[in-house]
Protein chains: 2
Amino acid sequence: MKKLTKSQARVADYIGKFIDEKSYSPTYKEIAGHFKVNVNAIQQAISALIKKGSLEKVSGIARGLRVRDNSPEDMNKVKNNLIVIPLYGNVAAGEPVFADDNIEGYIAVEKPRRSRGELFSVTVRGDSMTEKKIIEKDKLIVRKQNTASDGEIVVALLDDEVTVKVFRANGGTPYLQPANNKYDPIRRPFKILGIVVGLTRDYSVV
Amino acid sequence: MKKLTKSQARVADYIGKFIDEKSYSPTYKEIAGHFKVNVNAIQQAISALIKKGSLEKVSGIARGLRVRDNSPEDMNKVKNNLIVIPLYGNVAAGEPVFADDNIEGYIAVEKPRRSRGELFSVTVRGDSMTEKKIIEKDKLIVRKQNTASDGEIVVALLDDEVTVKVFRANGGTPYLQPANNKYDPIRRPFKILGIVVGLTRDYSVV
DNA sequence: AAATATACTGTATATTTATACACTGTATAT
DNA sequence: ATATACAGTGTATAAATATACAGTATATTT
């Protein structure tokens, strides 16, 4: 990426912002119009920008300009592999958890490789999972499913409340095990909403 | 967003993928060519798609089609507010931590509101921070800076290794405090690389 | 001193492209 | 039964657009 002249930088900048905003490239005439110069001034500027590696162009087609992305390829892979998932709040008795009304926001996560199932997120409340190093206000990334295996950390609906616990099913009736010896195992009926596949923590929030 | 016919869905899909791949919209003729139908068939399909809310179009310009993003506005806010930050590996003695060579990958994070400074990421090794609920393989989100306040969790360079500890500076010489009583405070010289502002954990990796 | 890059004006033109009009036929609502 | 949406063919055309050619003038490099 060679150094651009002031004029070239201005043109490149305009093209970039134009595309960002409108999602299609400007025409030569539009650029020329904006800078109040002749189209050919722009033709030349663009030639220079392409030669210097700042721009790409598909010839012969309308609005075929592209600003060249100079971030590393790996960085783009990450960017392209993101999904935004809903963050659900807790629920008033009897309300459905997965209602649009109950979406408190969205968080972005990298798409899991084996991305079977749907992901969602909930905020941890309380200290029942501290021994599993999960603390209040952590945002859990959860795969929606209604079964789990022994030892998995699950998000479950218990007494009309969303809760996080370790799922236990070694033999008898499955139950929920808090990861904090302050609390006893829970043997009331519950419904598994999903299993925890990740979490994010934001210290500036805590 | 009304329901699309099979044919309309195919066209919408083609347009979406075309734009994703090439970053500019296809022309009517190009779409018609792909499906081996008349341009007017496409004109009509597009009219229907626009009416149904799946597509947007800027009239009178070339390649002015846009697939309409039907995700909630809040979701887009998240998407637009993401940054991709480098994940640094540990370093061989004497090597600079923040070298491009030392980038192991990238992770995406939501841009902190007060986004002063530069962010980077490192993977946690060992169990010296378990009492702070930080465990091996967690990826820390760190703000690059070389000072810290008492009690902040810092990433520091100690004996040419990158390490995570609690920074202690109440009166005497600052030192590093592990958050695990198995380990003693570290009073050797160190250099602060940044302070931990968040973390991500992926249970499918652990 | 000559070559090259920059930054333009001015003009011309072949394609590209969106868009309109006229028709045919089928399926699905009202 | 009669619209209305759907899925097309076929033709035509004005406007949008990229691109080429002929110049002028200044700054920077070799």
Side-chain angles (χ1 to χ4, degrees), chain A residues 1-70, chain B residues 1-70:
Chain A
M1 203 77 69
K2 279 182 204 150
K3 215 191 160 191
L4 306 181
T5 67
K6 215 162 195 174
S7 175
Q8 287 164 358
R10 262 200 315 254
V11 172
D13 193 56
Y14 176 71
I15 295 171
K17 282 183 181 156
F18 190 106
I19 293 175
D20 271 354
E21 192 185 320
K22 318 217 186 197
S23 89
Y24 51 80
S25 150
T27 65
Y28 288 32
K29 206 181 171 187
E30 281 168 345
I31 307 168
H34 178 259
F35 290 108
K36 297 192 208 313
V37 296
N38 194 277
V39 233
N40 193 39
I42 299 303
Q43 283 179 265
Q44 280 187 66
I46 286 175
S47 293
L49 285 168
I50 290 169
K51 204 191 285 175
K52 289 185 179 177
S54 307
L55 269 187
E56 275 181 322
K57 200 187 58 154
V58 181
S59 290
I61 75 158
R63 299 177 184 275
L65 294 172
R66 266 199 291 245
V67 285
R68 213 168 129 181
D69 193 345
N70 60 345
Chain B
M1 202 77 68
K2 280 182 204 151
K3 215 190 161 191
L4 306 181
T5 67
K6 215 161 194 173
S7 174
Q8 287 164 358
R10 262 199 315 255
V11 171
D13 194 55
Y14 176 72
I15 295 171
K17 282 183 180 155
F18 190 106
I19 294 176
D20 270 356
E21 192 186 318
K22 318 215 186 198
S23 90
Y24 51 81
S25 151
T27 65
Y28 289 30
K29 206 181 171 187
E30 281 168 346
I31 307 168
H34 178 259
F35 290 107
K36 299 193 206 313
V37 296
N38 193 277
V39 231
N40 193 38
I42 299 304
Q43 283 178 267
Q44 279 185 68
I46 286 175
S47 292
L49 285 168
I50 290 170
K51 204 191 284 175
K52 289 185 178 176
S54 305
L55 269 187
E56 275 181 322
K57 201 187 55 153
V58 181
S59 291
I61 75 158
R63 299 176 185 275
L65 295 172
R66 266 197 292 244
V67 285
R68 211 169 131 180
D69 193 344
N70 60 344

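Note that the structure is predicted; figures quoted are calculated from it, not measured. Below, chains carry the letters A, B, ... as their sequence lines are ordered, and counting in each starts from 1.
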Any strand is fair game: report the nucleotide pairing with C:dT28 by Watson-Crick or G-U wobble, both distances under 3.5 Å, or none.
D:dA3

Counting only side-chain nitrogens and oxygens, does A:S59 get under 4.0 Å of the OP1 or OP2 atom of D:dA18?
no

Would you mind reporting whether A:I31 and A:I46 have side-chain heavy atoms less than 4.5 Å apart?
yes

For residues 23-34 of chain A, which residue pairs pass the salt bridge (charged side-chain N to carboxylate O under 4.0 Å, His left out) check, not counting sequence neighbours?
A:E30-A:R63

Is there a side-chain contact between A:K52 and A:T5, using heavy atoms and a 4.5 Å cut-off?
yes

What is the distance, rounded to the nearest whole Å, between atom CD1 of B:I61 and atom P of D:dT17?
6 Å

Spacing between B:I46 atom CD1 and D:dC6 atom C1', to the nearest angstrom:
15 Å

Distance in angstrom units between A:Q44 CD and D:dG23 C1', rounded
11 Å

Base, sugar-phosphate or nothing for A:K6? Non-hydrogen atoms, less than 4.0 Å.
nothing

Look at the side-chain N and O atoms of B:S7 and state whether any lies under 4.0 Å from the OP1 or OP2 oxygen of D:dG8.
yes

Report yes or no: is there a donor-acceptor pair, N or O only, under 3.5 Å between the side chain of A:Q43 and the base of D:dA18?
no

What is the nucleic acid contact for B:K51, judged by heavy atoms within less than 4.0 Å: base, sugar-phosphate only, or nothing?
nothing

What class does the angle between the rings of A:Y24 and A:F18 fall in, given that below 30° is parallel, 30 to 60° is tilted and above 60° is perpendicular?
perpendicular

Which pair of heavy atoms, one from A:S54 and one from A:L4, lies closest together, and at what distance?
OG-CD2, 3.4 Å

Rounded off to whole Å, could you give me the NZ-to-C1' distance for the A:K3 and C:dT6 pair?
15 Å

Given C:dA18, is OP1 or OP2 found less than 4.0 Å from the side-chain N or O atoms of B:K57?
no

Please determine whether a side-chain nitrogen or oxygen atom of B:T5 lies at a distance below 4.0 Å from atom OP1 or OP2 of D:dA7.
yes

Nearest-Å distance, CD1 (B:I50) to C1' (C:dT19)?
12 Å

In whole angstroms, the gap separating C1' of C:dT16 from CG of B:L65 amounts to 15 Å

Spacing of B:I50 atom CD1 and B:R68 atom CZ [to the nearest 0.5 Å]
11.0 Å

Can you tell me how far apart CG (B:L65) and CD1 (B:I19) are? Round to the nearest 0.5 Å.
6.5 Å

Residues of residues 8-42 of chain B with a heavy atom under 4.0 Å from any atom of DNA chain C, listed by number, are B:T27, B:Y28, B:N40

